[in-house]
Amino acid sequence: MKITAYRILLGVGAFLMFFRLGGPALIYGTTGPGPLSEVWVEPGGTTSLLLDADLRFFGALILGIGLIMIWLMWEIERGGTILKILAGAVLLGAMARIYALVQFGSAGMAGTVPIVLEVLLPVALVVLHESIRRDRKPV
């Protein structure tokens, strides 16, 4: 049951990497519909070519992270360190979003939902992974 829950959460994470950020960023950059059709640049606004190119690059990296999450679904024993590194990075990203929320205001639901997911998902994954690892450890 724990392994199934772990794999489902990793699958949700990979899905979010592909469709929430990675795909839209890689395909459209700052010029098209962003995550879930939310815009990155307000209508009439402009962005630099560097920001557009960097967002596309980060989109490709996010797709790679999604693939790593799929790999982690099956490599429970060997993937613990990688999972913890990714979980720490996601939590750091959530803290950065919270800082932006406090400093600059809310980005609406498109900015609030990711904060909740970016706090809960990595914590749940690490707790589940450690529980699975303990259960598999020889006595």
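Computation of the quantities below employed the complete heavy-atom set of this structure, encompassing side-chain atoms and omitting hydrogens, waters and symmetry-equivalent molecules. Residue numbers start at 1 and run along the sequence shown.
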Cluster link [X] to [Y], ILVMFWY, side chain under 4.5 Å:
X	Y	result
L16	L63	no
I132	W71	yes
I115	L125	no

* Asked: Less than 4.5 Å apart, any side-chain heavy atom of Y28 and any of L55?
  -> no
Heavy-atom nearest pair, L26 first then A60, reads CD1-CB, 4.0 Å
Yes or no on salt bridge (charged side-chain N to carboxylate O under 4.0 Å, His left out) for K2 and E130, after CA distance, side-chain angles and deciding distance?
CA-CA 10 Å; K2 290 178 191 177; E130 286 302 307; over 6 Å; no
- Would you confirm whether S131, through its side chain, and V127, through its main-chain N or O, come within 3.5 Å as a donor-acceptor pair? no
Judged by atom type as modelled, is there a donor-acceptor pair below 3.5 Å linking the side chain of R7 to the main-chain atoms of M73?
yes
Residue pairs passing the ring pair (Phe, Tyr, Trp, His ring centres under 6.0 Å) test with at least one member in residues 87-130, sequence neighbours excluded, are Y6-H129
Donor on one side chain, acceptor on other, D52 and T47, under 3.5 Å:
no
Ring pair (Phe, Tyr, Trp, His ring centres under 6.0 Å) filter on F15, not counting sequence neighbours, yields F19
Under 6.0 Å from the CD atom of Q103, do we count more than 12 heavy atoms belonging to anything else shown? yes
